[in-house]
There are 2 protein chains.
Amino acid sequence: MDANKIKEQVKIRFTEYLNENRHRKTPERFAILDHIYSTKGHFNVESLFQSMNSCNFRVSRATLYNTIELLLDCGLLIKHQFGENISQYERAIGNENHDHLICTSCGKVKEYKNGNLFTPAQQKKVQKFKVSYYSMYIYGICAKCLKEKQQAEKKNKSSKNT
Amino acid sequence: MDANKIKEQVKIRFTEYLNENRHRKTPERFAILDHIYSTKGHFNVESLFQSMNSCNFRVSRATLYNTIELLLDCGLLIKHQFGENISQYERAIGNENHDHLICTSCGKVKEYKNGNLFTPAQQKKVQKFKVSYYSMYIYGICAKCLKEKQQAEKKNKSSKNT
DNA sequence: ATGTATGCAAACCATTTGCAATGAC
DNA sequence: GTCATTGCAAATGGTTTGCATACAT
């Protein structure tokens with residue numbers, strides 16, 4: 001039951017994040033996190049909305065967007081935009097890092113697990129997939145924002161102890 | 001004047017593409033291609049619209065979208081979506097392949113030219129940029145679409161000689 | 001009690017679509 | 001002359017926003 005271990009871990013991490021940032025620990029937020037970590041593949045807001053409502057838990061789209069924002073911010077969720085105008089998401093933890101093969105004709109996305117060894121320039125055909133170009137996106141925090149964030153945290157902590 | 005050489009080349013390639021696909025060679029299409037290949041960085045439809053109209057050439061947004069579609073299809077243009085809901089584009093030829101550093105806080109995008117040597121897992125700090133995750137997107141044509149495309153081409157050629 | 005989070009509905013805005021006029025073939 | 005392409009304006013649809021209500025603190 002590795003899956004449940006991961007669920008516990010991410011719940012702890014999310015709780016910490018909410019505490020640190022003075023956000024409320026609402027049932028909706030934890031339900032959404034749990035639901036997201038119950039599947040491995042990509043999803044979008046609409047499919048998550050359908051899936052949650054039909055299954056057991058009633059949430060509004062607004063809350064989904066809101067919570068997704070938080071999960072992105074604390075690094076538990078990854079956002080993708082594969083050319084379509086619908087944002088795709090996937091859980092960040094317990095998913096090995098993988099490349100994405102995106103067909104520019106039909107838009108289908110295949111995952112391609114290959115460690116970090118893949119160098120597209122050297123290898124023009126992958127799994128019967130004709131590569132036309134590739135992009136490496138590295139998401140993170142730039143120096144300026146990091147500095148601001150650290151200052152905000154410092155301020156936050158000092159006011160906590162007031 | 002390497003830039004002009006590139007402009008010539010892409011113009012030839014675009015002409016070939018238009019011929020092959022029985023699309024008309026309108027002045028708008030070539031003006032847009034030329035304009036795109038006059039700058040190196042990222043742009044979006046709005047900025048291209050402003051830039052073209054203010055400079056010299058009057059085009060509608062609809063035509064921009066239309067032409068961009070063609071340029072994407074024939075591999076002369078690359079489309080990016082960096083989390084925002086505005087699509088970004090950049091010329092595909094004469095731009096060395098580069099990674100993109102995207103700040104998840106302020107949304108700014110920096111280019112990071114480093115051949116294909118960069119392995120983020122091994123190197124967590126790049127240029128004072130705190131990496132939280134990365135994605136490699138490989139765009140191309142999947143086997144199914146490639147087959148369909150080849151069949152369509154065959155059909156196209158036979159009808160050409162009728 | 002206080003004020004953040006939720007849910008609903010309306011607003012937003014990049015992109016797409018419909019259609020009459022234009023112009024490439 | 002024919003029909004794809006253009007340009008305009010309206011429609012679309014994912015996402016955001018405003019606000020009254022609910023509920024975590």
Side-chain angles (χ1 to χ4, degrees), chain A residues 11 14-33 35 42-53 56-74 77 79-89 107 156 159-160 162, chain B residues 11 14-33 35 42-53 56-74 77 79-89 107 156 159-160 162:
Chain A
K11 195 177 168 183
F14 193 34
T15 307
E16 284 172 2
Y17 170 81
L18 293 173
N19 282 334
E20 279 168 19
N21 293 276
R22 314 280 171 80
H23 290 135
R24 294 187 177 168
K25 292 178 281 299
T26 67
E28 285 83 1
R29 286 175 176 168
F30 287 105
I32 292 167
L33 178 67
H35 212 90
H42 297 140
F43 66 90
N44 57 53
V45 170
E46 194 53 32
S47 71
L48 182 58
F49 179 76
Q50 299 296 344
S51 147
M52 288 201 68
N53 279 306
N56 38 10
F57 206 94
R58 164 102 203 132
V59 253
S60 68
R61 268 169 264 258
T63 300
L64 287 180
Y65 280 109
N66 170 17
T67 304
I68 281 173
E69 204 52 48
L70 297 175
L71 291 173
L72 287 171
D73 189 44
C74 72
L77 190 61
K79 179 176 180 175
H80 293 299
Q81 287 178 291
F82 299 117
E84 318 283 302
N85 291 323
I86 309 173
S87 296
Q88 305 287 339
Y89 303 90
N156 204 10
S159 74
K160 218 182 211 168
T162 308
Chain B
K11 195 177 170 184
F14 193 34
T15 307
E16 282 172 4
Y17 170 81
L18 293 174
N19 282 334
E20 278 167 21
N21 293 275
R22 314 282 170 79
H23 289 135
R24 293 183 177 170
K25 294 178 282 297
T26 66
E28 284 84 2
R29 288 176 175 167
F30 286 104
I32 292 167
L33 177 67
H35 212 90
H42 297 141
F43 66 90
N44 58 52
V45 170
E46 195 53 31
S47 71
L48 182 59
F49 179 77
Q50 300 295 346
S51 147
M52 288 201 69
N53 280 307
N56 39 10
F57 207 94
R58 164 101 202 132
V59 253
S60 68
R61 267 169 265 255
T63 300
L64 287 181
Y65 280 108
N66 169 19
T67 304
I68 281 174
E69 203 55 46
L70 298 175
L71 291 173
L72 287 171
D73 189 45
C74 73
L77 191 62
K79 179 176 179 175
H80 293 299
Q81 286 179 291
F82 301 116
E84 318 283 302
N85 291 324
I86 310 172
S87 296
Q88 304 287 340
Y89 303 89
N156 203 9
S159 74
K160 217 180 208 168
T162 307

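Taking the 5' to 3' direction, DNA chain C first and last meets chain B under 4.0 angstrom from a heavy atom at C/dA14 to C/dC25.
Ring geometry for B/H42 against B/F82 counts as tilted: the plane angle lies between 30° and 60°, on a 0 to 90° scale. B/H23 and B/Y17 have tilted rings, their planes meeting at an angle from 30° to 60° on a 0 to 90° scale.
Listed here is the closest heavy atom pair of A/R24 and A/R29: O-NH1, 2.7 Å.
Judged by distance alone, the side chain of B/N66 and the main-chain N or O of B/A62 form no donor-acceptor pair under 3.5 Å. A donor-acceptor distance shorter than 3.5 angstrom exists from the side chain of A/Q81 to the backbone of B/G83, with no hydrogens or angles considered.
Within the 4.5 Å cutoff, the side chain of B/K79 has no heavy atoms near those of the B/I68 side chain. A heavy-atom distance below 4.5 Å is found between the side chains of A/L18 and A/L70.
Annotation: the span from B/T63 atom OG1 to B/I32 atom CD1 amounts to 6.5 Å, rounded to 0.5 Å.
Rounded to whole Å, the distance from CG on B/N66 to P on D/dA4 is 13 Å.
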message: Walk along nucleotides 14-25 of chain D from 5' to 3' and tag each nucleotide B, S or - by protein heavy-atom contact under 4.0 Å, base first, then sugar-phosphate.
response: SBB-------BS

